[in-house]
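Atom set for the values below is all heavy atoms of this structure, side chains included, hydrogens, waters and symmetry mates excluded.
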Amino acid sequence: MGQKDIVEKNLEDYNDVFSDIVNGFVFCGKRTVKSRDLRSLKVRSQYKADKGNLHEEERDNAKYWSAGKVKIAILGLENQTDPDKDMPFRIIGYDGAAYRSQLLDENSKGRCPVLSIVLYFGESRWSGPRSIKEMVEIPEGLEEYVNDYKLHIFEIAYLTEDQVKLFRSDFRIVADYFVQKRKNKTYIPSKKTIKHVDAMLKFMSVMTGDERFLEAQKVKTTGGGPNMCEILDQVENRGIQKGIKLMQGENDTLRAERDAALAETAAALTEKDAALTEKDAALTELVQKEADLARAMELLKKHHIAFA
């Protein structure tokens with residue numbers, strides 16, 4: 001299981017978020033499933049096949065929906081960040097394991113339906129199959145006898161504004177973020193208070209790749225929980241302060257490097273000046289010798305002295 005799946009599971013495991021997702025997608029926003037009526041179900045279902053071998057299916061999130069002691073349904077949430085060509089097989093495996101577990105539950109007083117919802121967080125449209133029949137080639141004559149199994153996939157980034165407004169939990173903030181980023185490439189946060197701050201910030205950190213959201217966990221608010229405006233302000237302020245410190249450090253480094261370069265240049269110029277001074281002295285001496293030699297030659301010529 002990847003890190004993204006773990007973060008999503010932590011957020012969605014809260015009953016208020018779980019029920020809100022089901023109500024928003026399945027019941028069009030009607031508060032049909034109450035958070036108090038949900039009971040956690042182990043996401044790892046085990047059963048024995050005919051030969052006695054132990055098989056196991058692991059889900060992202062699953063809960064019993066009940067009214068008193070009567071089970072109404074088993075609800076499951078599956079998270080995807082990329083299209084999966086085998087998703088129909090996976091879902092039918094999860095649901096089949098949930099149905100089989102009811103057969104093995106001696107304390108169960110009745111049977112209940114199983115519903116799985118796939119939440120797709122990708123920016124592109126879902127390109128994977130949505131049913132068993134889309135995955136397999138059915139021989140001619142078997143079409144009406146091969147049972148199909150359809151997925152219930154909801155593309156979060158492609159929800160409408162009205163659909164986003166159906167949610168009341170922290171999931172509305174999540175949905176709004178993905179919709180805005182897909183449509184505008186930017187995000188203007190709302191002032192809706194975040195209830196599950198830790199899970200939300202971890203989710204945002206992983207999904208955006210920006211670890212500053214984790215630093216924003218230290219944000220202080222005056223009464224109530226923080227909202228995305230405060231968190232993003234905190235993130236931006238921390239980024240600005242960090243940038244200022246980095247710039248100051250870079251400036252100090254550049255200043256030191258500049259001073260060292262200037263000192264090196266000055267030393268080189270001093271050495272060059274010394275060499276030029278020495279060269280000028282030698283040249284002056286040579287000129288003087290040539291002048292002396294010329295005068296000597298003039299004197300010799302004047303007195304008719306010649307060299308053999």
- prompt: Gln80 and Val118: which non-hydrogen atoms are nearest, and at how many Å?
  reply: CG-CG1, 4.1 Å
field: Spacing of CD1 belonging to Ile92 relative to CD1 belonging to Ile132, to within rounding of 0.5 Å
entry: 4.5 Å
message: What verdict does the ring-ring contact (aromatic ring centres under 6.0 Å, His included) test give for Phe167 and Phe25, after you've listed the backbone C-alpha separation in whole Å, the side-chain angles of each residue and the deciding distance to 0.1 Å?
response: CA-CA 9 Å; Phe167 303 103; Phe25 288 121; 5.0 Å; yes
query: Listed by chain and number, what are the side-chain hydrogen bond (donor to acceptor under 3.5 Å, both in side chains) partners of Gln288, not counting sequence neighbours?
result: Asp292
message: I want to check something: taking the side chain as every heavy atom from C-beta on, are Val174 and Phe121 in contact at a cut-off of under 4.5 Å?
response: yes
- request: Could you grab the distance from atom CG of Leu166 to atom CG of Asn23, nearest 0.5 Å is fine?
  value: 10.0 Å
Tyr64 and Leu38, any side-chain heavy atoms less than 4.5 Å apart: no
- line: Closest non-hydrogen contact found for Asn227 with Lys192 is CB-O, 3.2 Å
field: Interatomic distance, Ile156 atom CD1 to Tyr177 atom OH [nearest 0.5 angstrom]
entry: 14.5 Å
- prompt: What heavy-atom pair brings Arg130 and Trp126 nearest, and what distance separates the two atoms?
  reply: NH2-CB, 3.8 Å
query: Can you find a pair of side-chain heavy atoms, one from Asp148 and one from Glu134, that are under 4.5 Å apart?
result: no
field: Value rounded to 0.5 Å, distance of CG in Asn61 from CD1 in Ile117
entry: 11.0 Å
- prompt: Run the side chain to side chain contact (heavy atoms under 4.5 Å, CB included) check on Asn15 and Lys63 step by step: do they pass?
  reply: CA-CA 9 Å; Asn15 280 1; Lys63 292 182 184 290; 3.0 Å; yes
message: Is there a path of hydrophobic side-chain contacts, each under 4.5 Å between heavy atoms, that joins Tyr158 and Tyr120?
response: no
- prompt: Around atom CG of Leu283, are there more than 12 heavy atoms of other residues, nucleotides or ligands at under 6.0 Å?
  reply: yes
message: With a sphere of 6.0 Å drawn around CD of Glu143, does it hold more than 12 non-hydrogen atoms of other residues, nucleotides or ligands?
response: yes
task: Check the side chains of Ser169 and Asp16 for a donor-acceptor pair under 3.5 angstrom, ignoring hydrogens and angles.
output: no
task: Working to the nearest 0.5 Å, report the span between CZ of Arg90 and CG of Asp84.
output: 5.0 Å
field: Within-4.5 Å side-chain heavy-atom neighbours: Gln163 and Val179
entry: no
message: Using only atom types and a distance under 3.5 Å, with no angle test, would you say the side chain of Gln180 pairs donor to acceptor with the backbone of Ile188?
response: yes
task: Work out which heavy atom in Tyr187 is nearest to a heavy atom in Ile173; give both atom names and the distance.
output: OH-CG2, 4.0 Å
statement: Distance col, row Lys165:NZ vs Glu161:CD, nearest 0.5 angstrom, shows 6.0 Å
No-hydrogen, no-angle side-chain donor-acceptor test under 3.5 Å, Asp95 and Tyr149: yes
task: Tell me, please, which residues at least two apart from Glu123 pass salt bridge (Lys or Arg N to Asp or Glu O under 4.0 Å).
output: Lys185
message: Are the side chains of Arg172 and Asp20 in contact, using a 4.5 Å heavy-atom criterion?
response: no
statement: Arg258 meets the salt bridge (Lys or Arg N to Asp or Glu O under 4.0 Å) criterion, sequence neighbours left out, with none
query: Going hydrophobic residue to hydrophobic residue with side-chain gaps under 4.5 angstrom, can you get from Met135 over to Leu142?
result: yes
